[in-house]
Participant: 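Here it is: the structure, laid out below.
These numbers come from the heavy atoms of this one structure, side chains and all, not from hydrogens, waters or symmetry mates. Chain naming here is simple, since letters A, B, ... match the order of the sequence lines and numbering starts at 1 in each.
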Number of protein chains: 2
Amino acid sequence: MATMAEVAREAGVSVATVSRLLNQQGTVSPNTAERVYAAIQKLSYEPNLLARNFRKSESRVILILAPNVTNPYYAHILSGIGDAAAGQGYAALIFTTGDDPAREREALEMLKKHRADGAILIASDMGCNWLLEYADRYPIVQCSEYDPEVDIPHVSIDNYQATQESMEYLIALGHRRIAIISAENAYISTSLRVKAYRDTLARHGIAPREDYIAQASRDYSFKSGKWRAKELLGIDPRPTAIFCISDTLALGAITAAKELGLRVPQDVTVVGFDDVEHTTMLHPYITTVAQPCYELGKQSAHLLFARMTQGKEIPRQTLLKHELIVRESSAPPDLLE
Amino acid sequence: MATMAEVAREAGVSVATVSRLLNQQGTVSPNTAERVYAAIQKLSYEPNLLARNFRKSESRVILILAPNVTNPYYAHILSGIGDAAAGQGYAALIFTTGDDPAREREALEMLKKHRADGAILIASDMGCNWLLEYADRYPIVQCSEYDPEVDIPHVSIDNYQATQESMEYLIALGHRRIAIISAENAYISTSLRVKAYRDTLARHGIAPREDYIAQASRDYSFKSGKWRAKELLGIDPRPTAIFCISDTLALGAITAAKELGLRVPQDVTVVGFDDVEHTTMLHPYITTVAQPCYELGKQSAHLLFARMTQGKEIPRQTLLKHELIVRESSAPPDLLE
DNA sequence: CTGTTAGCGCGTTCAA
DNA sequence: TTGAACGCGCTAACAG
C-alpha cells in the first residue's frame with residue numbers, strides 16, 4: 001500500500017502539498033495538483049484512515065446501542081441512522097445489548113477508548129445515574145426512550161398524545177370496557193401510554209378496572225401478548241376492546257381471540273402500536289399508531305452530529321409526528337350482546 | 001484523557017513497561033505491575049485505540065455488507081455476526097447497499113483505507129469480475145449467496161437439496177400441478193431452487209408448465225408475491241400448490257388466495273422458505289424450509305477470522321443444515337374436484 | 001503557493 | 001526485568 005510520502009516523491013512535491021490537496025486545505029496550484037493526482041493514480045494510493053483518524057483524534061464512527069437488531073422496530077431506526085451517518089461520512093458501529101445495562105455500559109467505554117466519536121442509545125431505560133456522566137463528557141443522544149428527569153437530548157414521539165388519540169377513538173366507537181396490555185419494562189413510552197390510558201378513561205367518567213390492565217414481557221413478545229389477552233378475555237364482563245402497546249402484542253391478542261373462538265373485530269377490537277410492516281401481511285390488518293421509525297433514527301443521527309459540532313446548544317427534546325391508522329381490527333362493540 | 005506516558009510517570013516507570021503490562025508481552029515484576037495498575041486506576045487511564053490500531057496497523061473492525069437491515073432474514077444473520085465479532089473483540093461496521101453494486105464497491109474501498117480488516121458480504125450477487133481481486137488481497141467471506149464459479153469462501157445452505165425435499169413432500173402429498181414463485185434476481189439460491197423445482201418434477205414424470213413459473217420482485221416483496229400468486233391461481237387448470245422461495249412471498253400468496261375466495265390449505269397449498277419468525281404469528285402458520293440464519297452469520301464470522309489468522313487455507317464452502325417444517329399451509333390436494 | 005518539521009500515542013526493537 | 005529511542009502515516013503550524 002502506497003503512503004503519502006511515496007506519492008509526494010513520485011509527484012516531486014512535499015507531503016504537505018499532497019495532504020493539502022486531499023483535504024482541500026489551503027491552496028494548491030492547478031499545475032502541481034495535476035501532478036499529484038497523476039501520482040496518486042499511478043500508485044493507486046489510498047489514504048490510511050488509521051493514521052488520519054489517529055492524527056485528527058477522531059474515529060468517524062458513531063456507536064449505536066440497541067437491545068437487538070431483529071426487532072423490526074429497531075431495525076427501521078437503525079436503517080435511518082445508518083443512512084444519515086453514511087451521508088456524513090460516518091460509519092455506524094452497532095452493538096446489541098440484550099437490554100443488559102452491563103453490556104450497555106461496556107459498550108459506552110468505546111467512547112473513552114476513542115473507538116467512536118459519539119453514541120445513539122435506542123430504547124435504553126438505564127437508571128441514568130451514571131449515564132449522565134457519559135453524556136456530559138461525550139456526545140450522546142437517545143432515541144425513542146429517555147428519562148424525563150435527565151437532561152440528555154433525545155428524539156421520540158408524543159406517546160401520551162398518541163395513546164390518548166387511540167383511546168378517544170375507541171371511546172368514540174362506543175367502547176367502554178377497554179383493557180390494555182402493557183409491558184414489564186421501565187420505558188418512558190410504556191408509562192406514558194399507561195398513564196394516558198388511565199387519564200382518558202377517567203376524563204370520560206369510566207372507572208379504570210385494575211384487572212383490565214395486563215403486563216406482557218419486557219420485550220413485547222408475541223407469546224406473552226397471547227397469554228395476557230387470553231386472561232383478559234376470560235374476565236367477566238369481557239372487555240370489548242384491547243389496547244396493546246405494540247403490534248406484536250396485538251398480534252398475540254388477535255391469535256388469543258381466535259383460539260377462544262372470538263372474531264376480531266366483531267367480538268373484540270384490538271389496537272396496536274408502532275405499525276411495523278409485517279402486520280400488513282395477514283388479515284385482519286391492525287389498527288395501530290404509526291411511528292416514523294426511519295425518521296426517528298435519521299433525526300437522532302442529525303441531532304448527534306449537531307451535538308458533535310455545535311456542542312451542547314442543541315434542543316433537548318425532538319418529538320416526531322405519529323399517526324393513528326384505522327384498519328380492520330377495530331369496530332364498534334356489539335351493542336346487542 | 002490520560003496517556004500512557006502520564007501513567008508511566010505516575011508509576012515511576014517507562015512507557016515500555018506500561019505497554020508490556022497491558023499487552024502481556026514480555027514480563028513485568030509483580031511489584032512494578034502493581035504500581036502501574038494503581039497509576040492506571042488513579043488516572044482512570046484508557047488505552048487510545050486510535051493510536052494502538054494505527055501502530056499495529058489493524059482496525060479490529062469487520063465490514064458487513066447487506067442489501068438492507070430491515071429484512072428479518074438479514075437481520076438475524078447480522079445478529080449472528082455481531083455476537084461472534086464481539087466475542088473476538090471486533091466491532092461490526094454495517095453498510096447497507098440497497099443491492100447497488102456501486103455502493104457495494106464503494107464500501108469495499110474501506111478495506112484499502114484500513115477502516116476494516118475484513119468483510120462479510122451478505123446476499124451479494126455481484127458479477128464477481130472485480131470482487132475476486134478484493135478477495136485476493138483482503139479477507140472476504142460471503143454469506144448465503146455466492147458465485148459457484150468464483151473461489152471465495154462462503155457459508156450457505158444446500159438450496160438444491162432443500163428445495164428438492166419440499167418438492168418431494170408436495171408430490172408425496174399427491175400434488176401434481178405445482179407452481180413456483182421465484183424472484184427476479186441473480187442469486188445462486190434462486191437459480192438452485194428453480195433448478196431443483198424443475199428437476200424434481202421431471203424426475204417424477206411431471207412435465208413442467210412454463211406458465212406455472214412466476215417471478216416476483218428481486219427483493220421478494222409481499223405485494224409482488226401477491227400479484228404473481230393471483231395470476232397463477234387464475235390459470236386453468238389451477239395449480240394445487242405454490243412453492244414460494246421466501247416466506248414473504250408465501251404470505252403474499254396466501255393473501256392472494258384469500259382474496260380470491262380460496263382456502264389455504266384446503267383449496268391451495270402454499271409453501272415458503274426461510275422461516276422468518278413473524279410468520280408464526282398469524283394463521284395459517286406456514287410450511288417452510290427453515291434456514292439457520294443466526295448460525296449462518298456466526299459461522300461466516302468465524303470463517304472470516306480463520307481467514308484473517310490462518311490465511312487462505314480455509315474451506316471454500318460451508319453448508320449448514322436446513323429443515324423442512326410442516327405446519328398448516330400444506331395439505332393433500334382435493335382429489336374430488 | 002510550497003516545503004520543513006513537529007508531534008499525535010502507542011508497540012517494539014535493542015541495550016543495559 | 002527495565003528503559004531509551006524510533007517510527008507507524010498523517011495533519012497542521014510555521015517559515016519561506
Participant: For B/K56 and D/dG7, give me the distance from atom NZ to atom C1', rounded to whole Å.
Facilitator: 16 Å
Participant: By the side-chain hydrogen bond (donor to acceptor under 3.5 Å, both in side chains) test, which pairs, at least two apart or in different chains, include something from residues 296-311 of chain A?
Facilitator: A/E295-A/Q299
Participant: Applying ring pair (Phe, Tyr, Trp, His ring centres under 6.0 Å), name anything that partners A/H76, two or more places apart in sequence or on another chain.
Facilitator: none
Participant: Measuring from B/D83:CG to B/L78:CG, what's the distance to the nearest 0.5 Å?
Facilitator: 11.0 Å
Participant: Could you tell me from which nucleotide to which nucleotide of DNA chain C, 5' to 3', there is an atom under 4.0 Å from chain B heavy atoms?
Facilitator: C/dG9 to C/dT12
Participant: With ring-ring contact (aromatic ring centres under 6.0 Å, His included) as the rule and sequence neighbours excluded, what pairs involving residues 46-68 of chain B come up?
Facilitator: A/F54-B/F54
Participant: The criterion is side-chain hydrogen bond (donor to acceptor under 3.5 Å, both in side chains); which residues satisfy it with B/Y138, sequence neighbours excluded?
Facilitator: none
Participant: Name the atoms and distances for all side-chain donor-acceptor pairs under 3.5 Å in residues 106-113 of chain B, with sequence neighbours left out.
Facilitator:
{"from": "B/E109", "atom 1": "OE2", "to": "B/Y134", "atom 2": "OH", "distance (Å)": "2.7"}
{"from": "B/K113", "atom 1": "NZ", "to": "A/E46", "atom 2": "OE1", "distance (Å)": "3.1"}

Participant: Scan A/S19 against the nucleic acid and name what it touches under 4.0 Å (heavy atoms): base, sugar-phosphate only, or nothing.
Facilitator: base
Participant: Please report the closest heavy-atom contact between A/A39 and A/A11, naming both atoms and the distance.
Facilitator: CB-CB, 3.9 Å
Participant: For residues 32-41 of chain A, pull every pair meeting side-chain hydrogen bond (donor to acceptor under 3.5 Å, both in side chains), keeping only residues two or more places apart or in separate chains.
Facilitator: A/S29-A/T32
Participant: What's B/T3 touching, base or sugar-phosphate or nothing? Going by heavy atoms closer than 4.0 Å.
Facilitator: sugar-phosphate
Participant: Is there a donor-acceptor pair closer than 3.5 Å between any side-chain N or O of A/Y146 and the backbone N or O of A/I152?
Facilitator: no
Participant: Work out how much the helix from C/dC1-D/dG16 to C/dA16-D/dT1 bends between its end axes, five pairs an end, to the nearest 10 degrees.
Facilitator: 40°
Participant: What protein N or O atoms touch nucleotides 13-16 of chain D N or O atoms at under 3.5 angstrom, if any, and at what distances?
Facilitator:
none

Participant: Would you mind reading off the distance between B/Q25 atom CD and D/dT2 atom P, rounded to a whole angstrom?
Facilitator: 15 Å
Participant: Within this structure, what is the CD-NE2 distance for the pair B/E58 and B/H114, rounded to the nearest 0.5 Å?
Facilitator: 12.0 Å
Participant: Nearest whole Å is fine: how far is D/dG3 C1' from B/M4 CE?
Facilitator: 12 Å
Participant: Quick one: does any side-chain atom of B/S59 pair with a main-chain N or O of B/D117 as donor and acceptor, under 3.5 Å?
Facilitator: yes
Participant: Under 4.0 Å from any atom of DNA chain D, heavy atoms only: list the residues of residues 31-53 of chain A that qualify, in numerical order.
Facilitator: A/Y45, A/P47, A/N48, A/A51, A/R52
Participant: Please list, chain by chain and in numerical order, all residues satisfying side-chain hydrogen bond (donor to acceptor under 3.5 Å, both in side chains) with B/N71, sequence neighbours excluded.
Facilitator: none
Participant: If I take atom CZ in residue B/R55 and atom P in nucleotide D/dC10, what distance separates them, rounded to the nearest angstrom?
Facilitator: 16 Å
Participant: Toward the 5' end of DNA chain D, which comes first, A/M1 or B/G12, by nearest nucleotide?
Facilitator: B/G12
Participant: How many Å lie between CZ on B/F54 and P on D/dG7, as a whole number?
Facilitator: 13 Å
Participant: Identify whether any heavy atom of A/T17 sits under 4.0 Å from a base atom; if not, whether one sits that close to sugar-phosphate; answer base, sugar-phosphate or nothing.
Facilitator: sugar-phosphate
Participant: Is a side-chain N or O of B/R105 found less than 3.5 angstrom from the main chain of B/L131, in a donor-acceptor match?
Facilitator: no
Participant: What pairs with B/F305 under ring pair (Phe, Tyr, Trp, His ring centres under 6.0 Å), at least two apart in sequence or on another chain?
Facilitator: B/Y90
